[in-house]
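These notes are about the structure you will find just below.
Throughout, protein chains are lettered first and strands after them, A, B, ... in sequence-line order, and every chain is numbered starting at 1.
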Amino acid sequence: MNPTTEPHQADLLYSEAEEDLRAAVRALLTDRNDPARVAVRAEEGAPYDAGLWKALAADMGVAGLLVPEELGGQGASHREAAVVLEELGRAIAPAPYLTSAVVATEVLLACGTGGSAASSLLGDLASGRRTAALVVPFATGPEALRLPGGTACMVTAVADAATADVLLVPSTAGLYAVERAEAGVDVAPLVPFDLTRPLATVTLTEEAAAAATPLAGAETALAAVRQGLTAGAGLLASEQLGLAEWCLEETVRYTKERHQFNRPVGSFQALKHRMAQLWLEVVSARAAARNAADSLAAGSPDAPLAAALAQAYCARVAVHAAEECVQLHGGIGMTWEHPAHLYLKRAKADSIALGAPGAHRETVGRLAGLPTPA
Amino acid sequence: MTTAADLRARTKELLAAHPPATTERTAFLRARFDAGLAWVHYPVGLGGLDAPRGLQAVVDAELGAAGAPDNDPRRIGIGLGMAAPTILRYGTDEQKRRLLRPLWVGEEVWCQLFSEPGAGSDLAALGTRAVRDGDHWVVDGQKVWTSSAHVARWAILVARTDPDQPKHRGMTYFLCDMTDPGVDVRPLRQITGEAEFNEVFLSGVRIPDSMRLGEVGEGWKVAQTTLMNERVSIGGSRIPREGGMIGTVARTWRERPELRTRDTHQRLLELWVDAEVARLTGERLRQQLVAGHPGPEGSGMKLAFARLNQEISSLEVELLGDEGLLYDDWTLRRPDKVDFTGREAGYRYLRSKGNSIEGGTSEVLLNIVAERVLGLPSEPRTDKDVAWKDLAR
Ligand SMILES: Cc1cc2nc3c(=O)[nH]c(=O)nc-3n(C[C@H](O)[C@H](O)[C@H](O)COP(=O)(O)OP(=O)(O)OC[C@H]3O[C@@H](n4cnc5c(N)ncnc54)[C@H](O)[C@@H]3O)c2cc1C
């Protein structure tokens, strides 16, 4: 048996429309997102800039890329959302895009849009007026999903819960939507390793659980959450790609300018080889990330493998790029002032988010028919 | 512009006029060349149709499906990948007409007389001398690591024509007839036991000036075309998943559960991921070529495949346990083609060591990526403005 003979034949390039979208997002982020401000806001406990989110989500409409037009979205696909994530990663821009516009949106779409509750929520998310967070620990990958026994629960390390308007709460009872501001909902912020992505512990009392809106029954809920996590993992690879790309470009730029021993440090072969190696990894990460985005967009049966593959690969590349960025900047790379640390923290946290590389490799092994030893 | 549909139609015509089942192999290949379907991006009359390179896959797929013979590219890799593009770029009309067809068909095998004992990575240091004698050149020197020299009819050769110039300037590029009595080819045994490459001694070899490629003293410039093509030999067609060495070890894993351990499982999964990503990277490069925007990714692919081949075959030898202690055959043989994947795991492990040396070492390729792709400054150099004859050796 060789279960791997029919891979999805992905279009791995960027279309013209995708390049236009990239240019628009990049221009906005260059204009509105200053990494120095990012660090300051993060320390003040409010990393998200509401103005930036409005410009991005509502004015440009990128929050609704995955949502069909009839539900108020753009009717685009994971390919375009991936491009947005590349740019967000590149600019280390804090925004609840991955959690709300990708994971929560994908979960709601997978619930079936027949129900009016899910549909109207999708319209809200697509317009960028409101955001939602899926209440599972951010480290949870599609395969590791364990749901609590009831909607009244306590879940820790939930990404973007503190800023979300709506919480999507999956349990063995099904999937429910709860307003964050509702009585009996407690969202206690944690100190995140990645300053640009807030985490919180979410606690729901029985009272809040009783007031929750049902979105899907147990079976659909499980599949929908899994689908959301798979899409999240697959597209997170694009954020990691953008992040790694910035780290490489910035490191090349800096080492060309920085002089020691009467020559640019970037002329020393020990450093050149490290940057060349990183370039090869970034180029490869791009192929893996595009493959995941295209497979998800096509709804291919190969998508879970493509997403796991991309995550297993790109997570490592982003961490490597950020680590090299710090090291090759020398002392300045170690400072709070230089943005490199924001990238390092995001890269490291991203590598755990939605399943660590090892977990994704296990998934690849299962789907590629490479069984574990007895 | 030639389209995929045009090529499909032309291929069908070729197959109708020369049914593979009843046509002799060489005759079919010649007909394919004459129909412009050999390498579609080559000019009309020289085996091509001036079509986009990426469309070659269309022709190959049609011919493959019809069971047509191919030109056994592994036997004539140096001709196809290096000699041909250089002749196409710098050759005279006469040279192109005489040489390209038998090269592509495989009637004439080519080898590459570049490396010397004193000039490997630093190819421009080479010392084989070519001295003008009327309308001929007389060549003396020694070349080494010359793959396929024992089966070659022709060689691409770089020799020094002016030792008083700095090393990059005084070289000239020639097309050398390997049947010249002054050419002495001796097998050079390699770590696999066989002798795929050779030492080639050149004593008083006479090359007509009409077999010079490019201007006198321009050998380095001409050689760049050869070297660039050597490094960017990315195929025109999709590589299937598990198409390379990873496929062999994955099959072993599936078929032989008794060999599995936790450690080898982890390493297999890591390499499977890397191999699949490398496949996708190559596929993305191919799509860029088809779209007419070749990316610089090509310069990285050889690096990636060298590492993968080495690590995968290394894992495979270990996975095999007792069998990994054995070797199929150390007999000195002189194979007529280069084969990275044939034979057994131990052979693959040893042969793949060459993948990071031949065609530019991985260290040199990293230098190239750093300088040409990333634009990083070069190391300070002491050899650029000194006459070749005054260099340290
Ligand atoms: C299987 C095989 C087939 C071959 N076939 C042919 C052929 O058909 N025709 C032909 O002409 N040649 C052929 N070669 C030769 C090949 O091109 C050379 O071996 C190669 O270019 C390296 O040169 P070298 O062996 O002299 O090593 P050296 O150049 O002496 O290198 C020794 C070590 O130093 C490193 N090094 C050298 N320069 C630098 C630098 N600037 N920066 C960092 N590290 C450096 C190298 O990476 C290597 O690790 C073949 C080689 C092999 C292994």
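For the options Gly266(A), Ala374(A), Ala285(A), Ala312(A), heavy-atom pairs under 4.5 Å to chain B are most numerous at Gly266(A). Across Leu303(B), Thr264(B), Leu259(B), Val373(B), the residue that shares the most heavy-atom pairs under 4.5 angstrom with chain A is Val373(B). With chain B as the partner, the residue from Pro264(A), Ser284(A), Gly358(A) showing the most heavy-atom pairs under 4.5 Å is Ser284(A). Between chain B and the residues Leu13(A), Val252(A), Val364(A), Asn291(A), the most heavy-atom pairs under 4.5 angstrom are made by Leu13(A). Here Val283(A) is the residue among Val283(A), Leu271(A), Leu248(A) with the most heavy-atom pairs under 4.5 Å with chain B. Ranked by heavy-atom pairs shorter than 4.5 Å toward chain B, the options His360(A), Arg290(A), His273(A), Met275(A) are led by His273(A). By number of non-hydrogen pairs under 4.5 angstrom with chain A, the leading residue of Pro380(B), Gly247(B), Gly243(B), Ser362(B) is Pro380(B). The residue among Ala291(B), Pro240(B), Ala250(B), Gly375(B) with the most heavy atom pairs within less than 4.5 Å of chain A is Gly375(B). No other option in Gln288(B), Glu276(B), Glu371(B), Glu270(B) has as many heavy-atom pairs under 4.5 Å with chain A as Glu270(B).
Neither the backbone nor the side chain of Glu249(A) comes within contact range of chain B; no heavy atoms are under 4.5 Å apart. Heavy-atom distances place no part of Glu258(B) under 4.5 Å from chain A, backbone and side chain included. For Leu268(B), the part lying under 4.5 angstrom from a heavy atom of chain A is the side chain only. There is no contact between Ala308(A) and chain B, counting heavy-atom distances below 4.5 Å. Looking at Glu281(A), neither its backbone nor its side chain comes within 4.5 Å of chain B, counting heavy atoms on both sides. Interface residue Pro371(A): backbone and side-chain heavy atoms are both found under 4.5 Å from chain B. When heavy atoms are compared at a cutoff of 4.5 Å, Arg274(A) does not approach chain B at all. The contact between Leu280(A) and chain B is made entirely by side chain atoms (from C-beta outward), counting heavy-atom distances below 4.5 Å.
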Dump the intermediate steps for side chain to side chain donor-acceptor pair (under 3.5 Å) on Tyr313(A) and Arg361(A), then the final yes or no. CA-CA 9 Å; Tyr313(A) 191 81; Arg361(A) 271 199 301 277; over 6 Å; no
Starting from the C-alpha separation in whole Å, work towards a yes-or-no answer on side-chain contact (heavy atoms from CB on, under 4.5 Å) for Leu98(A) and Phe138(A). CA-CA 11 Å; Leu98(A) 179 73; Phe138(A) 195 41; 4.2 Å; yes
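In this structure, CG on Leu21(A) lies 13.5 Å from CD on Glu16(A), to the nearest 0.5 angstrom. Rounding to the nearest 0.5 angstrom, the gap separating the CG atom in Leu354(A) from the CD1 atom in Ile352(A) is 11.5 Å.
Between Glu257(A) and Arg253(A) there is a salt bridge, since a side-chain N of the basic residue sits under 4.0 Å from a carboxylate O of the acidic one. In this structure, Asp302(A) pairs ionically with Arg241(B), as a charged nitrogen and a carboxylate oxygen lie closer than 4.0 Å.
Shown here for Ala310(A) and Ala288(A), the closest heavy-atom pair between the two residues is CB-O, 3.6 Å. Scanning both residues, Val317(A) and Val282(A), for their nearest heavy atoms gives CG1-N, 4.2 Å. Taking each heavy atom of Lys256(A) and His259(A) in turn, the nearest pair found is O-CE1, 4.3 Å.
Inspection of the Ser267(A) and Arg263(A) side chains reveals an N or O donor paired with an N or O acceptor under 3.5 Å. Side-chain contact annotation: Gln240(A) with Glu86(A), donor-acceptor N/O pair under 3.5 Å absent.
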